[in-house]
Amino acid sequence: MKKRIANVLAAPQIGEQLQVAGWVRTRRDASGFSFIEVGDGSSLANIQVIADQTLANYGDEVKKLSVGCSVLVTGILQESPAKGQAVELRATEVQVLGWADPESYPLQKKQHSFEFLRNITHLRPRTNALGAVARVRSRLSYGVHTFFQDRGFIQVHTPIITTSDCEGAGEMFQVTTPSHASEVKVGEESGGEFFGRPAGLTVSGQLQAEVYAQALGNVYTFGPTFRAENSNTSRHLAEFWMVEPEMAFCDLEGNRHVAEEMLKYLVRLVLAECAEDLALFDRFIAKGLLARLQQVVDQEFAHITYTQAVEELLQSKQSFTYPVQWGIDLQSEHERYLTETIYQRPLIVTDYPAAIKPFYMRVSEDGRTVAAMDILVPGIGEIIGGSQREERYDVLLARMQQAGIEPSGYEWYLDLRRYGTVPHSGFGLGFERLVQFVTGMANIREVIPFPRTPGFAPC
RNA sequence: UCCUCGGUAGCUCAGCUGGUAGAGCAGGUGACUGUUAAUCACCCUGUCGGCGGUUCGAAUCCGUCCCGGGGAGCCA
């Protein structure tokens, strides 16, 4: 019976005859037999196969197995007499499915730089670290759905191709066909476009999620998002995944609590279910990771307003490259100082100046701030950005005009305020930043299977 | 896009102020061994990122272009 290695190791049955299929991680020869470590991606741990010289293909094939070869092993599970593993598979048959020429196979039995691995995007999931990232990412993704589904949220598939720019969210990739290609920018009128008007890849599903929130109550969208920014950092991608809940009848306070609850839920989830992989990250990638994650689960997130943040930064007497003063947008150095030095835990900052935030955020009673929130975490900086949305038609229209946005392209959005408008809130979680936070991976290009950055999209 | 550091063997990197390229790992061969990134011995490996310049002589100095890392801006 063919089994996944994770299942075999989780509940070993001594004496069981079984089959495993996977890739050779290393081969060590002893006198009269060989040790072959086989991994199938189901877990970080591999299974040790004992291949005796009595196997029919021992000399011809088994002794020539090298890193990366694929094999189908049939054998009997037995207790291992040596340290390092509890059980091992004594092979009765080793079938080689695919060879991997050791002269040219790029992966070795050692740590490679992530920079090098990026150039072999198609082979890097076979490494311990990238395999672990993939498993954690998958578990987190599933967790996002269970978190919201368990709370009655309805998933909405917001469009990938859109004709409305979510203003302030960055540059859009243009979508067109060769015959329709033109110099026209998104938002301008055009006669011959495929969609009748210029279209682009979505930079956020928020505006469309708002549509469904104002019909179904609590909704969320979780999908790919695209930004045509020429930004080259360890925290940005041209294509990334975003989790965006949108909640009707919900103010900033409620929004904040859902966001904190969600982050804690997801961290708790991987601590419980990805322990083996997280232990690898804790040991080799980011020392102290497990303790840090446990703290996130145990502690209340700190919460201050933007105005308080500015005061704290001024009182810190710290010298910053960008001087602090009420009205400025908080810079990376400020955010990091707040969350890493002053609070040393996740920090929620709310009530930012209206002038530096997008038109859809709700203007507060003081008239100069909006009901916005950012969640900052140590090591990453901003991981969540959200707000209560402006539900008052007149105020929204005024804010659009102030921002220089032509309301005619947003009639559908304004309609939501004309007909049965309700207070509502939502936020966006950069999924890759969450994976970074949880795994401790320093570069965002390592936490998405196929990273897209300016000048880089190999397959 | 800006700042900064870098590009030398398949990988990781050394090569001081210019004198004609090296170590570990990987790979190959052999030995040894219930091994754990096994160990030991021997062997193989290079347009020193591209182009141009200075010089008797450039991996090394100068110019320029390309590519990458880190940081910044923007954001998630």
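First the proteins, then the strands, lettered A, B, ... as listed; each starts at 1. Values below: all heavy atoms of this structure, side chains included; hydrogens, waters and symmetry mates excluded.
A:R137 has its side chain within reach of A:W241: a pair of non-hydrogen atoms, C-beta onward, lies under 4.5 Å apart. Between A:L55 and A:V94 there is a side-chain heavy-atom pair separated by less than 4.5 Å. Contact check for A:V349 versus A:H303: no side-chain heavy atoms found under the 4.5 Å cut-off.
In this entry B:A26 has no Watson-Crick or G-U wobble partner, no candidate having both defining distances under 3.5 Å. Applying the Watson-Crick and G-U wobble criteria (two distances, each under 3.5 Å), B:C16 pairs with nothing in any strand. If you check B:U39 for Watson-Crick or wobble pairing at under 3.5 angstrom, you find it paired to B:A31. Checking B:G70 for Watson-Crick or G-U wobble geometry (two distances, each under 3.5 Å) identifies B:C3 as its partner. B:U64: Watson-Crick or G-U partner is B:G50, with both key distances under 3.5 Å. Using N1 to N3 plus N6-O4 or O6-N4 for Watson-Crick, or N1-O2 and O6-N3 for G-U wobble, each under 3.5 Å, B:C75 pairs with nothing.
Sorted by residue number, the members of residues 114-132 of chain A with any non-hydrogen atom under 4.0 Å from RNA chain B read A:E115, A:F116, A:R118. Within residues 8-35 of chain A, the residues that place at least one heavy atom under 4.0 Å from RNA chain B are, in residue-number order, A:T26, A:R28, A:D29, A:A30, A:S31, A:F33, A:F35. Residues from residues 83-108 of chain A with heavy atoms under 4.0 angstrom of RNA chain B, sorted by number: A:K83, A:Q85, A:E88, A:R90, A:P102, A:E103, A:Q108. RNA chain B is contacted by no residue of residues 256-270 of chain A, taking any non-hydrogen atom closer than 4.0 Å.
At the heavy-atom level, A:T225 lies nowhere under 4.0 Å from the strands shown. Residue contacts shown for A:Q111 are absent, as no nucleic acid heavy atom lies under 4.0 Å away. Residue-level contact check: A:Y322 touches the backbone only, with heavy atoms under 4.0 Å from sugar-phosphate atoms and none from bases. Across all strands, A:I384 comes closer than 4.0 Å only to sugar-phosphate atoms, never to a base (heavy-atom distances).
For the P atoms, the distance from B:C43 to B:G22 is 14 Å, rounded to whole Å. Rounded to the nearest Å, the gap between the C1' atom of B:G57 and that of B:U20 is 8 Å. To the nearest whole angstrom, the two C1' atoms, one in B:C32 and one in B:A41, are 11 Å apart. Rounded to whole Å, the separation between the P atoms of B:U54 and B:A58 comes to 11 Å. Nucleotides B:C13 and B:G18 are separated by 25 Å at their P atoms, to the nearest Å. The separation of B:U64 from B:G19, taken at their P atoms, amounts to 25 Å, rounded to a whole angstrom.
Separating the NE2 atom of A:H334 from the P atom of B:C75 is a distance of 15 Å, rounded to the nearest angstrom. The CZ-P distance, from A:F240 to B:C74, rounds to 16 Å in whole Å. Atom-to-atom, CZ of A:R235 to C1' of B:A72 comes out at 9 Å; the value is rounded to the nearest Å. Atom CD in A:E171 sits roughly 14 Å away from atom C1' in B:G73 (whole-Å rounding). When rounded to the nearest whole Å, the span between CD of A:E37 and P of B:A38 equals 8 Å.
Aromatic ring orientation, A:Y410 versus A:Y413: perpendicular (interplanar angle above 60°, classes split at 30° and 60°). Ring planes of A:Y322 and A:H334: perpendicular class, angle over 60° (limits at 30 and 60°).
Checked by distance alone, A:H236 brings a side-chain donor or acceptor within 3.5 Å of a matching partner on the base of B:C75.
Every residue meeting the side-chain contact (heavy atoms from CB on, under 4.5 Å) condition with A:A45, not counting sequence neighbours, appears here in chain and number order: A:L9, A:S43, A:E276. With sequence neighbours excluded, the residues forming a ring-ring contact (aromatic ring centres under 6.0 Å, His included) with A:Y265 are A:F147, listed by chain and number. Residues satisfying the side-chain contact (heavy atoms from CB on, under 4.5 Å) criterion with A:R118, sequence neighbours excluded, are A:F114, A:R124, A:N443, A:R445, A:E446. Here A:R235 pairs with nothing under the salt bridge (charged side-chain N to carboxylate O under 4.0 Å, His left out) rule; sequence neighbours left out. Taking A:W99 as the reference, nothing meets the ring-ring contact (aromatic ring centres under 6.0 Å, His included) condition, with sequence neighbours excluded.
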* Asked: Where do A:E239 and A:R227 land on the salt bridge (charged side-chain N to carboxylate O under 4.0 Å, His left out) test, with the steps shown first?
  -> CA-CA 7 Å; A:E239 176 181 298; A:R227 304 272 167 97; over 6 Å; no
* I would like to know whether A:F431 and A:F222 meet side-chain contact (heavy atoms from CB on, under 4.5 Å); could you show each step before the answer? => CA-CA 9 Å; A:F431 187 62; A:F222 180 15; 3.8 Å; yes
* Would you please test A:E253 and A:R256 for salt bridge (charged side-chain N to carboxylate O under 4.0 Å, His left out) and show each step? => CA-CA 5 Å; A:E253 180 90 356; A:R256 204 180 84 212; 3.1 Å; yes
Taking only N/O atoms, report every protein-nucleotides 2-5 of chain B pair under 3.5 Å with atom names and distance.
none

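OP1 or OP2 of B:C75 has not a single side-chain nitrogen or oxygen of A:S231 nearer than 4.0 Å. Applying the 4.0 Å criterion to OP1 and OP2 of B:G70, one finds that A:N443 has a side-chain N or O inside that range. In this structure, A:K109 reaches the B:A38 phosphate: one of its side-chain N or O atoms is under 4.0 Å from OP1 or OP2. Taking only side-chain nitrogens and oxygens, A:S234 comes nearer than 4.0 Å to OP1 or OP2 of B:G71.
Here the side chain of A:T339 pairs no donor or acceptor atom with the backbone of A:R336 at under 3.5 angstrom.
Residue pairs meeting the ring pair (Phe, Tyr, Trp, His ring centres under 6.0 Å) criterion with at least one member in residues 17-41 of chain A, sequence neighbours excluded, are A:F33-A:F35. Annotation: ring pair (Phe, Tyr, Trp, His ring centres under 6.0 Å) contacts involving residues 61-82 of chain A, sequence neighbours excluded, are absent.
Heavy-atom neighbours of A:R283 CZ from other residues, nucleotides or ligands within 6.0 Å: at or below the threshold of 12.
Ring pair A:F450/A:H122: centre-to-centre distance not below 6.0 Å.
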